[in-house]
Amino acid sequence: VRRMTRKAELIVSGLFGVLMDDPRMLPPQYFDKVRTAPDDRAARARVVADYIAGMTDRYAIREHKRLHDPSELT
């Protein structure tokens, strides 16, 4: 259980970090929210967190791999 919990933490924090650094990686409807939100880190964090919260486990794992694995070209 601890191993799986740690993996989940790494996936979520990895996704959060990448998407906070470059919100253009968000789907268009979420990126639009970032663009129209007040220009502060808290507003961006809320949008990114909402996006991640809506992910299924499998989708989060797939997105993390896509964003972090150099062999994933898409």
Notebook entry, point to check: Crowded around Asp40 CG? As in, over 12 foreign heavy atoms under 6.0 Å?
Noted result: yes
Note to self: Can you tell me which residue among Asp21, Val18, Leu26 is in a side chain to side chain contact (heavy atoms under 4.5 Å, CB included) with Val48?
What the structure shows: Leu26
Note to self: Just so I know, are the side chains of Arg35 and Asp32 near enough to count as touching, which here means a heavy-atom distance under 4.5 Å?
What the structure shows: yes
Check: Do Met55 and Leu15 come close enough that some side-chain heavy atom pair is under 4.5 Å?
Finding: yes
Notebook entry, point to check: At their closest point, which heavy atom of Ile11 faces which heavy atom of Ala60, and how far apart are they?
Noted result: CG2-O, 3.8 Å
Note to self: Quick check: is Ile61 connected to Tyr59 through a chain of hydrophobic side chains (ILVMFWY, heavy atoms under 4.5 Å apart)?
What the structure shows: yes
Note to self: Under a 3.5 Å distance rule, please check whether Arg44 uses its side chain to pair with a backbone N or O of Met20 as donor and acceptor.
What the structure shows: yes
Checklist line | side chain to side chain contact (heavy atoms under 4.5 Å, CB included) evaluation trace for Glu63 with Arg66 | finding: CA-CA 5 Å; Glu63 279 297 285; Arg66 185 180 70 82; 2.8 Å; yes
Next item on the list: Look at the rings of Tyr30 and Tyr51 and say which category their plane angle falls in: under 30° parallel, 30 to 60° tilted, over 60° perpendicular.
Entry: tilted
